[in-house]
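Written below as structure tokens is the structure these notes are about.
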2 protein chains.
Amino acid sequence: MRRDIFQAIADPTRRAIIVLIALQAMTPNDIAEHFDTSRQAVSKHLRILTECELVKQDQQGRNIYYSLEIDKMKEIDKWLEQFRKIWETRFNQLDDVLLTIKNNKK
Amino acid sequence: MRRDIFQAIADPTRRAIIVLIALQAMTPNDIAEHFDTSRQAVSKHLRILTECELVKQDQQGRNIYYSLEIDKMKEIDKWLEQFRKIWETRFNQLDDVLLTIKNNKK
DNA sequence: TATATGCGCAACTTTTTGGTTTCGCAAATT
DNA sequence: AATTTGCGAAACCAAAAAGTTGCGCATATA
């Protein structure tokens with residue numbers, strides 16, 4: 001089983017769950033009500049999200065509140081870093097071109 | 001078929017291909033040599049990447065050079081935006097806490 | 001022109017997923 | 001104490017994905 005963060009966000013329902021619990025903790029039943037699926041299906045998604053530590057649990061009596069481990073999202077950001085460098089470089093190159101054109105006009 | 005960018009980056013081989021062709025265009029054979037898979041398997045990955053417009057082709061004779069459509073990567077960045085807001089807010093809240101502590105000392 | 005090479009495409013096989021159903025346990029409610 | 005409710009876990013199923021094999025076509029090379 002791969003079960004890394006990229007695999008976790010591949011599924012649209014999982015992405016929706018992530019957004020949903022980003023701001024406030026919710027129980028599996030609460031979450032399921034927001035979608036067109038069963039509690040069990042949500043539960044499975046939550047397990048996957050838990051396995052890659054994207055989500056944390058907080059048990060209160062028989063209710064289990066799930067919330068987003070926001071720091072984990074930074075891993076995606078970190079991976080994007082290398083591309084951000086490239087697109088910023090390209091942008092700078094464009095700057096250079098514009099600068100050259102500008103200078104040539106003088 | 002889902003075939004969106006999140007599904008595209010879910011596969012580790014595909015992520016490796018993306019990194020590989022980010023800086024220089026390569027043919028399917030070139031790419032396959034970097035991994036422990038066949039050209040056909042790479043070809044399939046490239047097709048998926050092409051379908052979600054993450055990759056562009058440049059035919060030169062019988063060779064087809066693939067390179068990354070770097071702008072498409074910004075879509076992931078865009079999705080992350082909403083979480084970046086949250087983690088920056090949390091950071092600011094932490095700042096507030098520290099500030100409060102500091103002020104109380106006075 | 002004959003042969004070799006690079007490629008995409010389609011058919012097929014094997015894993016992996018996402019979902020449902022069913023179960024048992026623990027916490028609430030009656 | 002009996003019943004209901006919220007939950008995870010396991011067994012099962014259908015659909016999708018990843019990889020392999022075997023084409024056929026076009027472009028090089030001999």
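Every value quoted in this text rests on a predicted model; they were computed, and no experiment measured them. Sequence lines set the chain letters: A, B, ... in the order given, protein chains first and strands last, and positions in each chain run from 1.
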Could you tell me whether the side chain of B:K44 reaches within less than 4.5 Å of the side chain of B:Q40, counting heavy atoms only? no
Check this one for me: any side-chain N or O of A:H45 less than 4.0 Å away from OP1 or OP2 of C:dT17? no
Going by heavy atoms in the side chains, are A:K85 and A:Q82 under 4.5 Å from each other? no
Under 4.0 Å, heavy atoms only, any strand: does B:I48 hit a base, just the sugar-phosphate, or nothing? sugar-phosphate
Please find the pair of heavy atoms, one from B:K72 and one from B:C52, that lie closest to each other, and give the distance. CE-O, 3.2 Å
Counting N and O atoms only, with roles assigned by atom type, does the side chain of B:E53 sit under 3.5 Å from a partner on the main chain of B:V55, one being a donor and the other an acceptor? no
Value in whole Å for how far the P atom of D:dA18 lies from CG of B:L49: 10 Å
Contacts of B:I64 and A:D36 projected onto DNA chain C by closest heavy atom; the upstream (5') one is B:I64
Which residues in residues 13-31 of chain B have a heavy atom closer than 4.0 Å to any atom of DNA chain C? B:T27, B:P28, B:N29
Short side-chain N/O contact to C:dG19 OP1/OP2 from A:S38, under 4.0 Å: no
How does protein reach along nucleotides 23-30 of chain C, written 5' to 3' as B (base within reach of a heavy atom under 4.0 Å), S (only sugar-phosphate), or - (no contact)? ----BS--
In whole angstrom, give the distance that lies between atom CZ of B:F35 and atom P of D:dA18. 15 Å
Any salt bridge (Lys or Arg N to Asp or Glu O under 4.0 Å) pairs touching residues 56-69 of chain A, not counting sequence neighbours? A:K56-A:E69
In the structure I gave you, are the side-chain heavy atoms of B:K78 and B:K74 within less than 4.5 Å of one another anywhere? no
Any side-chain heavy atom of A:L68 within less than 4.5 Å of one from A:M73? yes
Taking ring-ring contact (aromatic ring centres under 6.0 Å, His included) as the cut-off, I'd like each qualifying pair that reaches into residues 39-81 of chain B, sequence neighbours left out, listed once. B:F6-B:W79, B:W79-B:F83
Taking atom P of C:dG8 as reference, at what distance in whole Å does atom OH of B:Y65 sit? 13 Å
Tabulate protein N/O versus nucleotide N/O from nucleotides 12-14 of chain D, keeping only pairs under 3.5 Å, one per line.
none

According to a strict under-4.0 Å criterion, is A:R47 in side-chain N/O contact with OP1 or OP2 of C:dT17? no
Tell me the interatomic distance from B:D11, atom CG, to D:dA17, atom C1', rounded to whole angstroms. 9 Å
Can you list every pair that meets salt bridge (Lys or Arg N to Asp or Glu O under 4.0 Å) and has a residue in residues 14-27 of chain B, with sequence neighbours left out? A:D4-B:R15
Side-chain heavy atoms of A:P28 within contact of A:L46, under 4.5 Å: yes
Could A:E81 and A:R84 be called an ion pair, given the rule that one side-chain N must be under 4.0 Å from one carboxylate O? yes
Less than 4.0 angstrom between a side-chain N/O of B:S43 and OP1 or OP2 of C:dG8, yes or no? yes
